[in-house]
Structure formats: C-alpha cells, structure tokens
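Working notes, beginning with the structure itself.
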Amino acid sequence: FRVAVLGAGAMGSLFGGSLFEGGADVTLIDLDVAHVESIRKHGLDAGERRIHVPVLFPSEVNAVYDLVIVFTKAMHTKQALTALRSSIGPNTALLSLQNGLDNKLVLTEFADPRNVLIGITTYPADVKGPGRVESHGRGVARLTAAGEPASPTLDLLPGLFARSGLNAVIDPHAEAAIWEKVAFNAALNGLCAITGSAVGQIGAHAETRALAFRIVSEVCTTAIACGFALERQHVEEMLADAFAHHIHHKPSMLQDVIAGRPTEIEAICGAVVRRADERGVATPVTRTILGLVRHIDWSAATA
Ligand code: NAD
C-alpha cells in the first residue's frame, strides 16, 4: 500500500514522518529545494529524533500511489495535483485534511468523488527551518468520503494512522466539522493577520472580540443555508476558549503575513462569501476581512 504525502511542510512532515515510523510505505513530495535536500541529507529533524523518510521533488515521481495525502496550502493544491496526475490511478484515493471549504471541489477534478476523502485535523505543527518540524500536543483527524460508495481506503485509514500513533476517526458529519473549523479560522485568522495581534489581544479588545463573534455568526448562517447543521454555540465556545487559553498564539495567517507569504484567505473567507452570495446570505464583516487580507496579499505580491 503506497502512500504519497504531497506537500511536506509542517503537517505533511508530521503525518508523513509518523506514518513512516509506523511502518507505512510512504514518500514525501515537495518542491522546496532547501527542505527536500535537508531531509535527504540529515533525515527529517523532528526534535528528539531524525526520520529517514524518502522524499522526492514532483519531477522525480514515477509511481502510482494507493493514497495521496494532500498537505500543500489550499491555494497550491491544483498545481501540485496537476504535476502528480500520472501518479493518480483509477483506484488512488486522495485525502485532504487541509483547511478551507474548496478541497472537495478541487480534489474531485483529479479523482472520482468516491476516491476523494476529506476531513479536518486538530493536530498542530510548525516548520522551524529546512528539514525541521515541530508538533506539540495531541489531536484527531475526522474523515469522510466525498462520494458513495466510499473508496475501501477510507476504512483502512483509522488503522493505518493508529499504527503511527495518529488518532483518526470516520465521521459522517466531517463536512459540518470542516465548516466549524472554517468559522473558527475565519473569525481569528483574518483579524490577527490585519491587526498583527495575537489571539488573546483580539479577545481582550471589545470591538475586535465582537467582530470575531459576528464572523462566526455569518459563517454559521451561510453553512446552514448550504445544508450543514452547525452548532453556532459550539463554535462560539471554541472561540471563547481560544481567547482565554491561546493568548499568545499567532495563527498561521498572521505568520504568513509576517513572512510575506500568500495567505489561505480565499479558501476560508473567500469560499464562505462566494457561497453566501449564491444563497443571498449577508456577510458584511467576513467580506470586509476578505477585502483587507486580499489587499495585504496583493501588496506583498507586488512589493
Ligand atoms: P506548510 O506551508 O508548512 O506546508 C506546505 C508545503 O507544501 C510546503 O513545504 C511547500 O513547499 C509545499 N508545496 C507547495 N506547493 C507545492 C507543489 N506544487 N508541490 C509539492 N509541494 C508543494 O503548510 P502547513 O502548515 O503544513 O499546512 C498545510 C495545510 O494544513 C493547510 O491547508 C493548513 O491550513 C492545514 N492545517 C495546518 C495546521 C498546522 O498546525 N500547521 C493544522 C491544521 C490544518
């Protein structure tokens, strides 16, 4: 059972490295030259251990895989899968645990919906330098298939992940969980990216705190209009918990802005506003955040 991890940054390295240590036949695929060369030379530096997992540039790939786990940033998925097209056979399952609403749509351009597996993960990970990744804390992956009957690979995944110390469950409500995570990220990531503030500062200031809750409300209303039964109260509790306990956390979108990298704003706020417009749902705050972060991305790209 051959597994490829497409995009071996923070999350790809965590999942790919763990699967390799758990005995899976796994290959990382990435186009970051310094990162790939460092892993080849020294192994993947995961803090207390080095993991000598195989790693390829996309141009070097010549196998057909049983499972491709996509862990690029959402806006790079299409380009990454296009380069890998000849490695996707009729029975290859594509799995996305990326953030954002459009992963199912993009993956089904490359595989039958029955072979497209989607979900979310709450595992955290960071890249600390070329070939160096860090992950603190436990998490879970919640998985489902985009079409019926699901690829038999879906049933294999909880066991495959468990052998690698990763917690994964098949969850028929995983699409609602994707929306809940998008609501949470839409509320926090954009506000932090625009203000430069950590999560606790957004929560400590009355106006930004209120804006965050308005965004959750707009995203939940949109999700319900799209047919997903979200529990607004549950997302509000997640947000309040983050304000209370993740005070110094700088969400990935703020880290991307600081580093001058493009953000995932289109996959989060952009995807919500597009669906809201199609259904006549008003999303004034989410739309404003989208416009401002688009401006930041545009000015970084044209600098
Ligand atoms: P990352 O930027 O650390 O890694 C992305 C990797 O993809 C990079 O190494 C990059 O070089 C590679 N890449 C880009 N284009 C490529 C291409 N065409 N072919 C091959 N590789 C390519 O990102 P990340 O933090 O690992 O996040 C990945 C996804 O997981 C995102 O959607 C993110 O929102 C989501 N996520 C992240 C976390 C986290 O804690 N980091 C948690 C949950 C979900």
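Every number for a ligand or one of its atoms is a count from 1 in the order of the listing. Note that the structure is a prediction, hence the values are computed from the model and not measured.
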Tell me which protein heavy atom sits closest to [atom], plus the residue, atom name and distance to 0.1 Å.
{"atom": "atom 29 (C) of ligand 1", "value": "Thr72 O, 3.6 Å"}
{"atom": "atom 7 (O) of ligand 1", "value": "Gly7 CA, 3.5 Å"}
{"atom": "atom 33 (C) of ligand 1", "value": "Glu264 OE1, 3.5 Å"}
{"atom": "atom 8 (C) of ligand 1", "value": "Asp30 OD2, 3.5 Å"}
{"atom": "atom 37 (C) of ligand 1", "value": "Met11 CG, 3.4 Å"}
{"atom": "atom 42 (C) of ligand 1", "value": "Tyr123 O, 3.4 Å"}
{"atom": "atom 5 (C) of ligand 1", "value": "Phe71 O, 3.6 Å"}
{"atom": "atom 2 (O) of ligand 1", "value": "Lys73 NZ, 3.5 Å"}

Element-labelled atoms of ligand 1 that are located less than 4.0 Å from some non-hydrogen atom of [X]:
{"X": "Asn99", "answer": "32 (O), 33 (C), 34 (O), 35 (C), 36 (N), 44 (C)"}
{"X": "Asp32", "answer": "11 (O)"}
{"X": "Val127", "answer": "3 (O)"}

Could you check whether [X] pairs with [Y] (Lys NZ or Arg NE/NH1/NH2 to Asp/Glu carboxylate O, under 4.0 Å)?
{"X": "Arg287", "Y": "Glu218", "value": "no"}
{"X": "Lys78", "Y": "Asp102", "value": "no"}
{"X": "Arg114", "Y": "Glu148", "value": "no"}
{"X": "Lys128", "Y": "Asp45", "value": "no"}

Are any of the heavy atoms in Lys181 under 4.0 Å away from ligand 1?
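Yes, Lys181 has heavy atoms under 4.0 Å from ligand 1.
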
As an exercise, state the distance from CG of Leu95 to CG of Leu107, rounded to the nearest 0.5 Å.
8.5 Å

Separation between CE of Met11 and CZ of Phe71, rounded to the nearest 0.5 Å
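Interatomic distance, Met11 CE to Phe71 CZ, rounded to 0.5 Å: 4.0 Å.
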
Based purely on interatomic distance, does [X] place a nitrogen or oxygen under 3.5 Å from a nitrogen or oxygen of ligand 1?
{"X": "Gln98", "result": "no"}
{"X": "Gly12", "result": "no"}
{"X": "Pro124", "result": "no"}
{"X": "Ala125", "result": "yes"}

I want to confirm something. Looking only at heavy atoms, which of Ala267, Gly9, Ala74, Pro251 is nearest to atom 6 (C) of ligand 1?
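Looking at heavy atoms only, Gly9 sits closest to atom 6 (C) of ligand 1.
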
Give the minimum heavy-atom separation between Asn103 and Gln98, together with the two atoms involved.
ND2-O, 3.1 Å

His234 and Glu236: CA distance, side-chain angles, deciding distance, side chain to side chain donor-acceptor pair (under 3.5 Å) verdict
CA-CA 5 Å; His234 174 59; Glu236 287 173 350; over 6 Å; no

Neighbour count above 12 (heavy atom, 6.0 Å) for His52 NE2:
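Correct, the count exceeds 12.
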
Is ligand 1 under 4.0 Å from a heavy atom in the side chain of Leu31, in the backbone, in both, or in neither?
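The answer is both.
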
